[in-house]
There are 2 protein chains.
Amino acid sequence: MTTTGPARDTALHADADRPSRREQILQAAAQLFAERGSRAVGVDDVGAAVGVTGPAIYRHFAGKDAMLAEMLLRISERLLAGGSERVAAAGADPAAQLRALIAFQVEFALENPALITVHDRDLVSLADADAAQVRRLQRRYVEVWVAVLARLHPAADAAACRVRAHAIFGLINSTPHSAGQLDRAATAALLAGMAEAAARAW
Amino acid sequence: MTTTGPARDTALHADADRPSRREQILQAAAQLFAERGSRAVGVDDVGAAVGVTGPAIYRHFAGKDAMLAEMLLRISERLLAGGSERVAAAGADPAAQLRALIAFQVEFALENPALITVHDRDLVSLADADAAQVRRLQRRYVEVWVAVLARLHPAADAAACRVRAHAIFGLINSTPHSAGQLDRAATAALLAGMAEAAARAW
DNA sequence: CCGGAGAGTGAACGATGGTTAACCTGCAGC
DNA sequence: GCTGCAGGTTAACCATCGTTCACTCTCCGG
């Protein structure tokens, strides 16, 4: 197993638009973690996926856990930031806000099935402090949804809205399980329709 | 083929209503696997959870993988059998069949959150042959749903129904994420309502 | 009373895999 | 040209953990 040509080129004349080695590692790791689970993936595997040996990882990350922690933190941050942003941009109508949130989540899930998979499968593999941080971010994202759902269901209490939000996440985040069944646009439309129906039910 | 009858060996012990040691182990393992992930749980942990040492497990299972394999196979079998049964008992009306399937899945998910969690998180930790067997059962269960959904949406093709089925599973199987928010009955009603709305959307 | 099977124990073995150490290399900038 | 740092490499270290082994101990059937 020797290094192939292209990996060398990027190291030589650091192309600005080409992702850095660090980003390559994170992306490759996400893919592998999603396929086999983080604990079943060795540092050597991640290295091999980007054309280096295992210990080279330690030039870019403090360790395997740090890699996973950064991965999950980034996902949670992207979701929270993106969700908040879309709601703010959707005006004051809760129905429009809901549609914006759904569109965002569907888009994210279809664009990053590996991240979605790792996000909830490997949270338990995190050190306590990191897991707590990720959960804090997740909770805030959930509350963004809950705020919108609460305005759509004035009679429902927050707990019910939370259950509802998690259910919608589960619905939309099912994409890794149904990959390759339909083309992207059709899947997006179907999931968005289902999510909206589920959000409004009762 | 180590699948023996349910509680046959309880006859050996005086108190027959207590589950056999083998069943205790499976149940404790399911709980631990759900909490930390199967690869993070040691044989010693499972043993300790039922009051024995690690190696004692080997009196009841060929190994750790065999334990996980039996766990996942049982879940898949229970789902397939239960789903098929409920559909058959629901008569010819596809709407009634759908309600029966939803009620069954909701009931199962609320009754066995740990099994639901392990079922889709630790499938990747299985040996190839076992994983293939589990996936075969899962596929058959999905097809039970697809058959019902296809009759509700005559214009939709099988692929769309499959996406729909996975989305509904995701919705209902979100229970481990929203545990403790509402009481069981309220959660069941909410999820069933959302699932039905999602199933009928468009 | 006796012997065998089932169940459990503590100790040891071996593989796996994360991490570290020591060493190499090639461009950057005085 | 020297020097330094960024990034890689190989080899070794070490902890963890699944698994096996050689024993007990305790029922129970004959």
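Remember, it's a predicted structure, so these values are computed and weren't measured experimentally. We name chains A, B, ... by the order of the sequence lines, and we start the count at 1 in each one. FYI, side chains are in, hydrogens and waters are out, and symmetry mates aren't considered; it's all heavy atoms of this structure.
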### Distance below 4.0 Å between A:R21 side-chain N/O and D:dG8 OP1 or OP2
yes

### Query
According to a strict under-4.0 Å criterion, is A:T53 in side-chain N/O contact with OP1 or OP2 of D:dT9?
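Yes, within the criterion.
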
### Query
Does A:H153 use its side chain to pair, donor to acceptor, with the backbone of A:A199 at less than 3.5 Å?
yes

### Message
Tell me if a side-chain donor or acceptor on A:R164 pairs with a main-chain N or O of A:A201 at a distance below 3.5 Å.
### Response
yes

### Whole-Å gap separating P (D:dA6) and CZ (A:R22)
14 Å

### Task
Return the value, rounded to whole Å, for the distance between atom CD1 of A:I25 and atom P of D:dA6.
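A:I25 atom CD1 is separated from D:dA6 atom P by 16 Å.
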
### Task
Identify, residue by residue, the members of residues 54-64 of chain A with a heavy atom below 4.0 Å from DNA chain D, and return them in order of residue number, or none.
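Per residue number, the list reads A:P55, A:A56, A:R59, A:H60.
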
#### Entry: Interface residues of residues 31-50 of chain B with DNA chain D (non-hydrogen, below 4.0 angstrom)
B:V41, B:G42, B:V43

### Task
Describe, in one word, how the ring planes of B:Y141 and B:F104 are oriented to each other, choosing from parallel (under 30°), tilted (30 to 60°) and perpendicular (over 60°).
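The arrangement is perpendicular - the two ring planes meet at more than 60°.
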
### Query
In terms of the angle between their ring planes, are B:F169 and B:W145 parallel, tilted or perpendicular, with boundaries placed at 30° and 60°?
perpendicular

### Task
Check whether any side-chain heavy atom of B:R121 lies under 4.5 Å from a side-chain heavy atom of A:D122, and answer yes or no.
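Side chain of B:R121 against side chain of A:D122, heavy atoms only: no contact under 4.5 Å found.
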
### Query
How about B:N173 and B:Q105: do any of their side-chain heavy atoms sit closer than 4.5 Å?
yes

### Query
What is the minimum heavy-atom distance between A:D44 and A:G54, and which atoms define it?
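That would be OD1-CA, 3.2 Å.
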
### Query
Counting only heavy atoms not in A:E143, do more than 12 sit closer than 6.0 Å to its CD atom?
yes

